[in-house]
Visitor: 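I have a structure here, written as structure tokens, and I will follow up with some questions on it.
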Amino acid sequence: MRLTQRLIDRRGLAPGRYDDDQCKTLRLHVSRRRSASWIQRLTVDSKRRDIGLGGAACVPLSEARMIATANRIAARRGEPVKFKRAAAQVPTFGMAAAECERLNTATWADSSLRSWRVTMTRYLLPALETAKLANLTRERVVEVLNSIPKDAERKKARMRCRMALSVALSRRWVAVNVADGIDQALRKTNGKTKHHDAMPHAECGAFLRGLPESTTADALRFLVLTVARSAEVRGATWDEVDLDGAVWTVPASRMKTKREHSIPLSPAAVAILRRQGTTEGLVFRSPMTGRRLSSMAWSKTLPAGCTPHGYRSAFRDWASEKTDHPRDVIEAALAHKNGTNATEAAYFRTTLFDRRRALMVEWAAYVRPDSV
């Protein structure tokens, strides 16, 4: 594969080692977490050595080739080889962002990682990637953030800028986090927090009973009855389902919290599963492609102003207003972490499964999806 700067910047390379076609001793090493670094394999004093030339985030391809060429010439002449590039050790915002991503990739949900990369590549890295942390000021950070037109995107960018600089602070690359204490300096186009639009819980039953008979509609019914997230339902597979035990176990890899979540299924939810035309692969398949339902599968089915995620809010409101179930049981049903602080959460290990089953049966009886 021919290495180009554009290909490296897009971080589209799979983990592995890539030889440079122009400089035969140079190769790019991409880790499993997609962080990339330059390595030169060179014979020095009759010994084969792997020489680190710095991370690809701060050493561009052209410069890595120049350093590698200079090293090869020096080795051939018997001169000392430059084993490290001093300039590459000057911390930049791009290095802090890459290090923050590397540290969190294993625990972030795929959607969170994608959102992080969108914020970085769209708003922060174009303006700050090469900025030396020692010279980065609050005024510059505020200027970059205030250039973002939407409040929600600006808020995300501020939070993620602060996260990256917190990593820099922990590495002692900076003495202070310049993204702290700037809230009042950020412009606001409105003061309202945008939440997922939700249907009132009293209207959920009539809505479910009015849905057509189709796989797509069944998937939405199942989402409401299980109060699972959209991606969890659309990606559900039969090997996650125990029909006889009436349990759907979503693996940690597909959960936002990165923790396995077992969902007790009401008789209505089990009935939906039993009438699907297959017991292998995906539970709900797109009628058009036979593959996974898209994130827009329910866009024409939902009333204006409602989102799939909003049904979790409807369930939460119903459980609080119309039942006596404890808060911990309700939060566990939504796959939220229980415990009001880190210490309490560490000791709260129970999943309250049996009590959640009673709650989900009661929820199904309330919405009464009679068509199922």
Side-chain angles (χ1 to χ4, degrees), residues 14-15 31-34 101-117 196 215-216 218-286 289-295 297-298 308-309 311-312 315-316 328-339 345-357 359-361 363-364:
S31 72
R32 286 182 298 176
R33 293 177 178 174
R34 301 299 176 99
E101 181 178 319
R102 184 186 70 79
L103 292 172
N104 289 284
T105 296
T107 56
W108 280 346
D110 292 341
S111 58
S112 298
L113 182 59
R114 286 195 299 271
S115 181
W116 162 274
R117 288 175 175 171
H196 288 281
T215 300
T216 303
D218 271 352
L220 185 54
R221 290 188 184 96
F222 190 75
L223 177 143
V224 175
L225 290 172
T226 58
V227 294
R229 296 177 176 87
S230 171
E232 294 159 11
V233 171
R234 291 183 291 108
T237 58
W238 282 107
D239 58 3
E240 299 171 359
V241 177
D242 176 4
L243 280 176
D244 295 331
V247 180
W248 171 33
T249 302
V250 187
S253 61
R254 295 209 306 108
M255 290 296 297
K256 180 179 180 180
T257 58
K258 293 300 182 183
R259 293 178 299 162
E260 182 180 275
H261 181 51
S262 293
I263 302 173
L265 301 175
S266 64
V270 171
I272 290 174
L273 295 178
R274 289 194 183 280
R275 72 158 173 252
Q276 302 310 306
T278 179
T279 57
E280 295 182 354
L282 289 169
V283 174
F284 303 106
R285 299 175 185 271
S286 167
T289 66
R291 294 180 291 193
R292 173 174 168 159
L293 292 168
S294 77
S295 59
W298 301 307
H309 198 88
Y311 290 100
R312 289 166 56 84
F315 166 82
R316 185 68 177 81
D328 291 338
V329 176
I330 299 168
E331 292 299 299
L334 291 165
H336 289 164
K337 181 183 288 187
N338 270 307
Y347 286 95
F348 200 102
R349 303 296 177 85
T350 177
T351 65
L352 303 167
F353 185 83
D354 291 336
R355 301 183 73 173
R356 285 193 288 120
R357 183 178 290 282
L359 174 62
M360 301 315 293
V361 169
W363 169 240

Visitor: Distance check, rounded to the nearest 0.5 Å: Asp218 atom CG versus Leu225 atom CG?
Guide: 10.0 Å
Visitor: To the nearest 0.5 Å, what is the distance between OG on Ser112 and CZ on Arg117?
Guide: 12.0 Å
Visitor: Let me check something: any side-chain donor-acceptor pairs from residues 241-248 under 3.5 Å, sequence neighbours excluded? List them with distances.
Guide:
from   : atom 1 : to     : atom 2 : distance (Å)
Asp242 : OD1    : Asp244 : N      : 3.3
Asp242 : OD1    : Gly245 : N      : 3.0
Trp248 : NE1    : Glu240 : OE1    : 3.0

Visitor: Counting C-beta onward and ignoring hydrogens, is there a side-chain heavy-atom pair between Tyr311 and Val227 closer than 4.5 Å?
Guide: no
Visitor: Once rounded to the nearest 0.5 Å, what's the spacing between atom OG1 of Thr249 and atom CG of Asp239?
Guide: 10.5 Å
Visitor: Using 30° and 60° as the class limits, which term best fits the ring planes of Phe284 and Phe222: parallel, tilted or perpendicular?
Guide: tilted
Visitor: Going by heavy atoms in the side chains, are Trp116 and Thr105 under 4.5 Å from each other?
Guide: no
Visitor: For the residue pair Thr257 and Ala335, what are the closest heavy atoms and their distance?
Guide: CG2-O, 3.5 Å
Visitor: Can you name the nearest heavy-atom pair linking Ser230 to Leu223, along with the distance?
Guide: CA-CD1, 3.7 Å
Visitor: Could you state the interatomic distance from CD1 (Ile263) to CG (Leu334), rounded to the nearest 0.5 Å?
Guide: 10.0 Å
Visitor: Do Trp108 and Arg114 come close enough that some side-chain heavy atom pair is under 4.5 Å?
Guide: no
Visitor: Do Val224 and Phe315 touch side chain to side chain, with heavy atoms closer than 4.5 Å?
Guide: no
Visitor: What residues, two or more places apart in sequence or in another chain, satisfy side-chain contact (heavy atoms from CB on, under 4.5 Å) together with Thr278?
Guide: Trp238, Glu280, Arg285
Visitor: Hey, what do you get for CG (Leu282) to CG (Leu293), rounding to the nearest 0.5 Å?
Guide: 8.0 Å
Visitor: Would you say Arg355's side chain and Asp328's backbone share a donor-acceptor pair under 3.5 angstrom?
Guide: no
Visitor: Around atom CZ of Arg357, are there more than 12 heavy atoms of other residues, nucleotides or ligands at under 6.0 Å?
Guide: yes
Visitor: Taking all non-hydrogen atoms of both residues, which atom of Thr107 and which atom of Lys258 are closest, and how far apart?
Guide: O-CG, 3.0 Å
Visitor: Between Leu113 and Glu101, is there a side-chain heavy-atom distance shorter than 4.5 Å?
Guide: yes
Visitor: Any pair with a residue in residues 224-235 that passes salt bridge (charged side-chain N to carboxylate O under 4.0 Å, His left out), sequence neighbours left out, goes on the list, sorted by first then second residue, please.
Guide: Arg229-Glu232
Visitor: Looking only at non-hydrogen atoms, find the nearest pair between Met360 and Ser266 and report the distance.
Guide: O-CB, 4.0 Å
Visitor: Quick one, His336 with Arg312, criterion side-chain contact (heavy atoms from CB on, under 4.5 Å). Give me CA distance, side-chain angles, the key distance, then yes/no.
Guide: CA-CA 11 Å; His336 289 164; Arg312 289 166 56 84; 3.4 Å; yes
Visitor: So which atom in Ile330 and which in Leu359 form the shortest heavy-atom distance, rounded to 0.1 Å?
Guide: CA-CD2, 4.1 Å
